[in-house]
Amino acid sequence: MLTIKPLPQNMSKLPVDFRHPNRALIQGCFREEVEVAGQTRNFISYLPENIEYCQRCIVVCPPSDENPLEFLEISGLKELADRQKLYIFLMEKEGSAWKTDGTDADFMNAVYVKIQARDYYVTMQDNIYALGIGDGAGIAQTAASRMSGDWSGLMSIGDLDAGFVQEGLPGMKEREQGNLELQVSAQKSQLPVWMVFSSMEGAQNKAVTEYWKEQNQVLDSVFSGEGADYIWMPTPVRMTDETNDEKVAQVRVTTGRSDAVPEMIETMWNYIGSLRRHRGQGSKNLRYFKDPAAYGAALHTIEVDGMSRIWYEYVPDSCTPDKTWPVVVTMHGRGGTAETFFDITGLANVAQQRRFIAVFPQAGIHQQKKDGLKNILLWNGFYDDKHVDDVKFIRVMIDDIKKRLPVDTERIYACGQSSGGMMTDMLCNHAGDIFAACASWSATENAVSQKTVMEESKDLVPYMLMYGDRDFLCASKEEVPGFPYRPLDGIRKDLEHKMEKYGCSRENVESWETYPIRWWCYKNAEQVPMLTVGVVNNMVHANFPEQSRISYDQFFAHFRKASDGTLYYRNKPVFESKGE
């Protein structure tokens with residue numbers, strides 16, 4: 001029998017198992033609060049036993065006549081969560097039934113935001129799916145439609161009543177004759193949808209189906225299968241590049257099975273849960289999940305300073321053992337994992353096409369907030385005021401890789417986003433003997449306070465920085481004297497330090513634009529581009545798969561470093577490549 005446990009008052013008191021540093025520190029059912037329109041609302045959080053951080057979430061609006069805690073078990077959601085290691089969050093109603101005036105839809109969207117706060121656990125950012133059942137179906141529909149570019153998927157089981165339609169999806173209203181008028185917004189955000197109705201005959205059920213068909217820009221042809229009576233596929237005509245956002249959102253409808261809740265939830269989840277949404281340029285992008293294991297990447301584990309450390313290696317078949325091949329090490333952001341960054345970056349696709357070995361290590365742990373979790377995954381963090389030496393881990397990892405794989409030691413590169421961008425800059429500054437070039441996305445080493453003092457490498461490592469013009473961690477809103485772009489103070493100091501170290505002049509800079517990126521390239525006296533900065537138009541603190549290709553094709557591939565430390569640019573030696 002499930003029971004509600006009290007949340008710990010001080011999460012920092014809970015010990016971390018160094019054999020599983022990314023494991024959630026609490027497990028079971030807990031009641032949490034969220035503010036909605038000035039009122040406190042409650043929801044129940046379920047964390048399965050031994051669940052890791054950074055896993056997918058389902059936010060559930062259960063039938064109003066069901067006890068949420070009991071419904072967690074009878075619906076099959078607990079079993080599904082236990083088996084697939086999902087976070088489940090169930091809304092608790094106020095009064096006798098869910099309200100169709102939009103307040104409960106706002107409540108559901110507030111839960112979406114709240115569960116990403118990292119106060120008691122770490123969910124996978126933005127990979128959150130809405131599920132509504134019975135009269136909760138309309139609440140989930142309304143919530144997802146209001147944030148269709150944020151949710152990763154929508155599942156609903158139950159007919160949609162007139163009250164929902166009247167107050168529900170944007171642009172839908174009842175005419176005086178009782179018919180429905182459908183108006184879809186010009187800005188269409190695709191969202192995978194699976195709905196279960198008693199039949200398609202009801203005006204509301206049909207109208208909502210038409211809404212999502214238009215929103216997802218599907219074909220007129222209808223298919224069936226995998227438990228769905230109707231499947232509308234997105235149009236195969238692509239007007240935009242699909243590197244970052246794939247047009248994959250289907251509209252699926254099952255009829256006559258609204259009583260088979262456990263079976264239908266799992267059936268729907270098998271499709272809906274296969275898609276994930278990630279932040280990128282312009283919007284949050286939707287793509288099918290790339291599972292490292294299914295893709296052919298190998299998971300490796302090693303112990304460093306008493307902590308179990310892991311990484312994925314992807315070696316394309318074309319990287320045969322009779323030759324040596326470049327290596328690109330790419331590092332995830334705070335709270336992310338090696339698995340998620342394999343998916344987010346698309347770097348394995350570039351590795352396959354350009355023939356290099358892609359490596360995805362996982363960060364050590366850090367206590368981000370006072371009295372908070374002690375095992376947030378973050379590069380070069382601290383545990384009980386003791387430094388977690390991730391530079392050492394990367395060195396150990398690379399040594400291990402070189403013993404087993406055909407590595408071209410002259411062409412080892414590093415890149416990463418956010419905390420991984422800071423770590424990339426640290427490797428540039430403090431492990432220059434290993435890396436031929438480094439590319440940080442969304443951060444530099446000094447963008448946040450660093451408590452650790454490490455000896456700076458004498459090797460001069462070419463450096464690229466890419467960040468969004470709306471990135472809170474990198475971009476200033478004010479003009480910055482001496483810079484044609486607007487770096488925040490910490491970023492500015494890092495760039496100025498590199499210019500001085502590399503012998504680059506602010507006047508010796510080239511600028512060009514390959515939309516959505518505006519570039520500035522600083523050269524040294526030998527006209528070698530040692531420092532390159534790219535500012536991405538209309539992007540927040542994020543990165544997108546195209547950055548992986550840009551980093552390799554436009555930057556990494558031009559540099560190599562010989563065993564004696566000589567840096568080569570396009571196979572010509574770079575003079576004064578090593579500091580005295």
Side-chain angles (χ1 to χ4, degrees), residues 7-8 10-28 47-57 85-87 115-125 127 292-293 297-313 329-344 359-401 416-424 426-427 448 450-452:
L7 286 164
N10 189 337
M11 293 297 297
S12 68
K13 298 293 185 182
L14 303 182
V16 176
D17 183 353
F18 275 22
R19 296 169 301 175
H20 306 281
N22 192 42
R23 181 171 289 174
L25 302 182
I26 60 173
Q27 297 159 16
L47 284 68
E49 185 178 359
N50 295 330
I51 190 171
E52 298 276 312
Y53 290 152
C54 200
Q55 303 298 320
R56 293 165 294 170
C57 315
K85 300 304 179 187
L86 309 172
Y87 291 87
I115 61 180
Q116 300 183 80
R118 299 173 179 167
D119 290 328
Y120 303 102
Y121 44 78
V122 180
T123 58
M124 187 183 298
Q125 189 178 57
N127 282 255
L299 179 63
H300 292 267
T301 304
I302 199 167
E303 185 176 301
V304 179
D305 294 335
M307 184 183 297
S308 179
R309 306 304 300 268
I310 69 170
W311 70 91
Y312 282 98
E313 292 171 8
V329 179
T330 183
M331 289 156 286
H332 63 82
R334 180 181 63 187
T337 63
E339 179 189 64
T340 58
F341 214 49
F342 184 99
D343 180 39
I344 291 171
V359 180
F360 304 82
Q362 190 156 294
I365 59 177
H366 179 70
Q367 183 176 341
Q368 179 182 341
K369 301 177 182 179
K370 184 179 183 296
D371 300 332
L373 297 168
K374 296 172 69 174
N375 62 335
I376 299 285
L377 291 187
L378 178 135
W379 294 98
N380 203 49
F382 286 81
Y383 180 81
D384 285 344
D385 293 324
K386 183 178 179 181
H387 173 226
V388 179
D389 192 345
D390 280 331
V391 174
K392 178 179 179 180
F393 162 51
I394 296 297
R395 288 185 178 276
V396 170
M397 180 191 73
I398 290 176
D399 285 343
D400 182 85
I401 291 171
Q417 193 262 337
S418 191
S419 171
M422 297 176 196
M423 185 61 190
T424 299
M426 289 201 70
L427 295 173
V448 296
Q450 293 286 344
K451 299 180 182 179
T452 304

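Quick caveat: nothing in here was measured; it's all calculated off a predicted structure.
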Q) Is there a side-chain contact (heavy atoms from CB on, under 4.5 Å) between Arg56 and Thr123 once you walk through the steps? A) CA-CA 7 Å; Arg56 293 165 294 170; Thr123 58; over 6 Å; no
Q.
Check whether Ser308 reaches the backbone of Phe18 with its side chain - one donor and one acceptor, N or O, closer than 3.5 Å.
A. no
Q: Could you tell me whether a side-chain N or O of Thr340 sits under 3.5 Å from a main-chain N or O of Gly336, the two making a donor and an acceptor?
A: no
(Q) I want to check something: taking the side chain as every heavy atom from C-beta on, are Asn22 and Leu377 in contact at a cut-off of under 4.5 Å? (A) yes
(Q) Please check this pair: side chain of Gln362 against backbone of Ala338, looking for a donor-acceptor N/O pair closer than 3.5 Å. (A) yes
Q | Considering all heavy atoms, the nearest Leu14-Pro8 contact | A | CD1-CG, 4.1 Å
Q.
Just verifying a value: how many Å separate Ile394 CD1 and Asp399 CG, rounded to the nearest 0.5 Å?
A. 11.5 Å
Q) Does the side chain of Ile365 come within less than 4.5 Å of Ile376's, by heavy atoms? A) no
Q) So how far is it from His20 NE2 to Ile310 CD1, rounded to the nearest 0.5 Å? A) 11.0 Å
(Q) Check whether Asn375 reaches the backbone of Pro21 with its side chain - one donor and one acceptor, N or O, closer than 3.5 Å. (A) yes
**Q.** side-chain contact (heavy atoms from CB on, under 4.5 Å) between Ile115 and Cys57, intermediate numbers included
**A.** CA-CA 9 Å; Ile115 61 180; Cys57 315; 4.2 Å; yes
**Q.** Heavy-atom pair with the smallest gap, counting every atom of Pro15 and Leu25
**A.** O-CD2, 3.6 Å
Q | Whether over 12 other heavy atoms sit under 6.0 Å from Lys85 NZ | A | yes
Q) From Tyr120 OH over to Leu7 CG, what is the distance, rounded to the nearest 0.5 angstrom? A) 5.0 Å
Q: Using atom types as modelled and distance alone, determine if a side-chain donor or acceptor of Asp390 lies under 3.5 Å from a backbone N or O of Phe393.
A: no
Q: Give the intermediate values and the outcome of side-chain contact (heavy atoms from CB on, under 4.5 Å) for residues Met307 and Asp305.
A: CA-CA 6 Å; Met307 184 183 297; Asp305 294 335; 5.8 Å; no
Q. Side chains of Val359 and Met397: does their closest heavy-atom pair fall under 4.5 Å?
A. yes
Q | Min side-chain heavy-atom separation Tyr383-Val16 under 4.5 Å | A | yes
Q. Can you find a pair of side-chain heavy atoms, one from Arg395 and one from Val391, that are under 4.5 Å apart?
A. yes
(Q) I'd like to know if the side chain of His366 reaches the main chain of Phe382, judged simply by a donor and an acceptor atom lying under 3.5 Å from each other, with no hydrogens or angles considered. (A) yes
Q) What pairs of residues pass the salt bridge (charged side-chain N to carboxylate O under 4.0 Å, His left out) test when at least one of them lies in residues 359-377, not counting sequence neighbours? A) Asp119-Lys369, Lys374-Asp384
Q: Quick one: pull up OG in Ser12 and CD in Gln368 and give me the separation to the nearest 0.5 Å.
A: 13.5 Å
Q: For the pair Arg23 and Ile51, evaluate side-chain contact (heavy atoms from CB on, under 4.5 Å) and give the outcome as yes or no after the intermediate values.
A: CA-CA 6 Å; Arg23 181 171 289 174; Ile51 190 171; over 6 Å; no
Q. Is the distance between the ring centroids of His332 and Trp379 under 6.0 Å?
A. yes
Q. Between atom CE of Met423 and atom CG of Leu378, what is the distance when rounded to the nearest 0.5 Å?
A. 10.5 Å
Q) Taking only residues two or more places apart in sequence or in another chain, which ones pass side-chain hydrogen bond (donor to acceptor under 3.5 Å, both in side chains) with Gln55? A) none
Q: Just jot down the ring pair (Phe, Tyr, Trp, His ring centres under 6.0 Å) partners of Tyr121, sequence neighbours excluded, or say none.
A: Tyr87, Phe89
Q) What is the ring orientation for Trp311 with His300, classed by angle as parallel under 30°, tilted 30 to 60°, or perpendicular over 60°? A) parallel
(Q) I'd like to know if the side chain of Ser418 and the backbone of Arg334 have a donor-acceptor N/O pair within less than 3.5 Å. (A) no
Q: Side-chain contact test, heavy atoms from C-beta onward, threshold under 4.5 Å: evaluate it for Phe341 versus Pro361 and give yes or no.
A: no
Q. How many angstroms lie between atom CG of Leu299 and atom CZ of Phe342, to the nearest 0.5 angstrom?
A. 11.5 Å
